[in-house]
Amino acid sequence: MKRREFLQVAGGTAAGGALFSGLTTNWWGIDADPIPDPKTDGKIVPSFCELCFWKCGINAHVKDGKVTKIVGSPDHPLSRGKLCPRGTGGMGLLYDPDRLKKPLMRKEVDGKQSFQEVSWDEALGFIAKKMKKVAKEHGPESLALFSHGFGGSWFKSVIKAYGSPNIGAPSWAQCKGPRDVGFDLTVGSYLGSPEPIDMPNARCITLIGSHLGENMHNTQVQDFAEAVGRGADIIVVDPRYSVAAGKAKHWLPIKPGTDTALLLAWMHVLIKEGLFDRDYITKYAIGLDKLTKYLADKTPEWAFTKTGLEPELIRASARTMAAARPASIIHPGRHATWYGNDADRMRAVAMLNALLGSWGRRGGYYLKSKMPLAKYKLHEKVGRKPNRPVADRAKGAVYPFGGVNLAHGFRDASFPGYAEYDIKAWIVYGTNLMQCLPDRKKTEEAVQHLDLMVAIDVLPAEITGWADVILPECTYLERHDDLWAAAYSEPFVAMRQPVVKPMYDSKPGWWIAKELAKRLDLGGLFPWTNPEEYLRERASASGLSFDELKAKGVIRGKGDPGTIEDGIELSFGTPSGKIELYSQQMEEAGLDPIPVYRAVPEPPPGSFRLLFGRSPVHTFGRTTNNRMLGEIKAENEVWVNARVAKELGLQHGSRVMVENQDGKKAGPIKVKVTQRIRHDCVYMIHGFGHDNKKLRFAYGKGASDSDLVSKVAIDPAVGSTGMNVNFVTLEEVMS
Amino acid sequence: MSAIRYAMVVDTRRCVGCNACVLACKSENDVPEGYCRDWIVEEVRGSFPNLTAEIRSERCNHCSNAPCVTNCPTGASHIADGGIVLVNDEKCTGCKACMAACPYDARYVHPEGYVDKCTFCIHRVKDGKDPACVSICPTSTLHFGDLNDSQSDVSQLLQSRKSKVKGPETGCDPNLFFLT
């Protein structure tokens, strides 16, 4: 819109003038000042978000066919009318000019490979033909589906029916796997997502391995702020002065890799000083005697020699958390794959919670509720069952706990002879394996062994460049997905529905899966033409009104009582039926029955441990091309302690290359010189440093920590990949 | 003084600096790329490991004694009902006198040539809604209301909690308060 000429102004609108005071009168004009109104309100379409995996309810405003703004749905228990910056910036994904627009196939002309635009029919026909060939020659089990994101459900149905059990996501073995195993071994329950913690009622919250606030899971941050606002005590263990540390009563700047020593010392203090919940432990736990004996010499003074934390700080923080019990939460965190001893560390977290009596308590951990959702029966009737077990680990390798497929294992199984049988084909849905699996070079090599590699995504990524076929899915704002029934304190069923029509030649996941299934002779999986038919049927089989889902995006249920204070009797899914402070299961598996602190290798002189985390405006590398979010944070920096920076001669804003112990390099990246981090580690926000030029905004901005994670430490209980074991040096780049 | 005196109260203890307020403002007000009407300031003091931090969501202070208004040669900058400082973009020539006068650097020149800034989302407030930043804020850091109503959220917070304004020495009498 062009601004009006000055002289024409006086003849403009005079309406609304009566609203204004005399102050608005001025020397030239008789015209009144209008109320500025950007008029961004539009028709509201409720749905749920996919900028991260928390999946908050949203209300999208649509005006003249364009999404003008996205706000939190007041009806949805996970958003409560509020929304994080990523969800607010969802239009930046929808209107990203770099989106995948047409199906692309790798073709070779005169010995030169390139992606050519093809029709959906050609792309899907090619994939189906190859998949049939793979099934015939190697068995359908030799296809792996990597799937991260809610829309993957359609493809999981197809791949199950095709006959492969090899379906996985990096969100387990590269993220929360050891956490859930640690809790399962101790209290007999996976935590899942959202985590069942009653922060609004907590009087003390301890973060050890969570930078909540920078990690922007909407509901949890709402609850955390509520607790802070009410004056709950916050204890933060972090080598970095996180945002949460800025709100803490006690900040424990721990030496990285020594968390288990601190957890043992805290438990020592609680037991030695009689501060733990003896009645609760007597009633619900086994193994206190053995634990007490084991902890006898795990004093704060002992822990000081490992963690570098003053004994009095360890004692004071233990007393703070004990004073608030049972409304005292040791937060379970989320990304737990650090050092390869992670299930043990997370057991210690679960045990510490148990000593505080916080499991099944108001202001502690509650037991979740879930609304029943009827299964879609055809998904179990069509197709073929797998004949072979999952191929996600080396021949003979045993990881006794977890039972969830290892995503990196599928990659490794693509090297001939590594696993019980070889993986020969990948379908990669919504996950940039080059940034989310460790050891990128290995992932690139694995691809060379495949007969077929398909990427399904909204945007290009490093992984899509390696595909034979790229299928452009439309964004979450342009499609239906399946119903979601979440386990939470207040259970609900939510529905994703299109806000606007798919742009370009992109298609919804359901359509792609349905068309692929048809070509694989599995068309029976999707006997409907419109997803609303399917959703309506599933909703009504579950006793839910489809029309209500459509109108509100969510139907809320009533939560069952979830704590002792609500009147429930606790039971535990462990072999003993009790909280296990001493684990017979671990002992029988040849592992430690009580978590043991073992020193992890330290960076050699001149090197720093590489740590990584999150920005509140980004979800890994998925959002770094989003131009709206990029206005807030376009590139990452490497955080360097101010004293260390001085010694290295680095200035704030210096550009450096970061190199790890294996000669892998990332950068150049700017240095953030700060008091907010220890001297022995450096820190980067994950998800930057894209090198796929098709991501025109994110390309070359910052550095990718993933490129520096070439080494891992495997957790013997879970098989997960501890990734905080890489050491780096910094070298200034002179321009 | 009008019967209503709108004010915003920012609870720095709750704020995590997530920038949802900035993005919500940008889409609500169709703020052009590269500009914003509100922003986050993170202030860390001390040296490792003895540190303190304060995070603030900042914007136009909607001063009761607004130098941008007194310095505006065309009358574009004005104080509207409720004490909200607004710019009438049709009277604005983009001369930037207001920008020079504002002690809070709260204004920018819109690509269409006029000076733009936070309006307290007056178009929402007149319909009884909160400004977009307040409405979206996941941490409930932001509060909006009438300081002349002793029962309002903002009045109650300022009565019960320690607060400060930015640059009290300017004498601008700001209406953006920070709980500490």
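In the text below, chain A, chain B and the rest are named by the order of the sequence lines, each starting its count at 1. Because the structure is predicted, anything quoted here is derived from the model rather than measured.
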Minimum heavy-atom separation for [X] and [Y], please, with both atom names.
X	Y	value
A:Lys82	B:Val134	NZ-O, 3.7 Å
A:Pro253	B:Phe48	CB-CZ, 3.9 Å
B:Gly17	A:Pro616	O-CG, 4.3 Å
B:Pro138	A:Cys84	CG-CA, 4.1 Å
B:Ser27	A:Thr40	O-CG2, 3.4 Å

Among [options], which residue has the highest count of heavy-atom pairs closer than 4.5 Å to chain A?
options	value
B:Thr52, B:Val31, B:Val16	B:Val16
B:Asp30, B:Leu51, B:Asn29, B:Ile40	B:Leu51
B:Ser140, B:Ser135, B:Ala24	B:Ser135
B:Cys15, B:Cys121, B:Cys18	B:Cys18
B:Lys26, B:Glu42, B:Arg124, B:Glu28	B:Glu28

Need one label for [X]: side chain, backbone, both or neither, based on atoms under 4.5 Å from any heavy atom in chain B.
X	answer
A:Glu214	neither
A:Met628	both
A:Arg643	neither
A:Ile70	backbone
A:Glu631	side chain

For chain B, which of [options] has the most heavy-atom pairs under 4.5 Å?
options	answer
A:Val243, A:Val71, A:Thr219	A:Val243
A:Arg627, A:Lys69, A:Arg80	A:Lys69
A:Pro85, A:Gly89, A:Ala244, A:Ala225	A:Pro85
A:Gly87, A:Gly72, A:Gly229, A:Ala248	A:Gly229
A:Asp223, A:Asn641, A:Ile677	A:Ile677

- Query: For B:Glu54, is it the side chain, the backbone, both or neither that has a heavy atom under 4.5 Å from a heavy atom of chain A?
  - Reply: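 B:Glu54 has no heavy atom closer than 4.5 Å to chain A.
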
- Item | Region of B:Asp11 that comes under 4.5 Å of a non-hydrogen atom in chain A |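 For B:Asp11, neither part sits under 4.5 Å from chain A.
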
Over 12 foreign heavy atoms within 6.0 Å of [atom1], [X]:
X	atom1	value
B:Lys96	NZ	no
B:Asp105	CG	no
A:Lys646	NZ	no

- Quick one: does B:Glu90's side chain get under 4.5 Å of A:Pro34's, heavy atoms only?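 No, side chains not in contact.
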
- Determine whether B:Arg14 and A:Glu226 make a side-chain contact, defined as any pair of heavy atoms from C-beta on separated by less than 4.5 Å.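 Contact flag for B:Arg14/A:Glu226 side chains = yes.
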
- Electrostatic pair B:Lys91:A:Asp33 at N-O distance under 4.0 angstrom: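 Salt bridge present between B:Lys91 and A:Asp33.
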
- At what distance, to the nearest 0.5 angstrom, does CG of A:Leu83 lie from SG of B:Cys137?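 These two atoms lie 11.5 Å from each other.
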
- Mind running side chain to side chain contact (heavy atoms under 4.5 Å, CB included) on B:Arg13 and A:Lys247 for me, showing each step along the way? CA-CA 7 Å; B:Arg13 273 171 51 195; A:Lys247 306 185 182 304; 5.5 Å; no

- Option from B:Asp89, B:Asn88, B:Thr119 for which side chain to side chain contact (heavy atoms under 4.5 Å, CB included) with A:Pro36 holds: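 Exactly one candidate clears the test, B:Thr119.
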
- Scan B:Asp81, B:Ile84, B:Ile122 and name whichever one has a side chain to side chain contact (heavy atoms under 4.5 Å, CB included) with A:Ile35.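 It is B:Ile122; the other options fail the test.
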
- Might you work through the side chain to side chain contact (heavy atoms under 4.5 Å, CB included) test for A:Arg676 and B:Val44, ending with a clear yes or no? CA-CA 8 Å; A:Arg676 294 175 59 187; B:Val44 178; 3.7 Å; yes

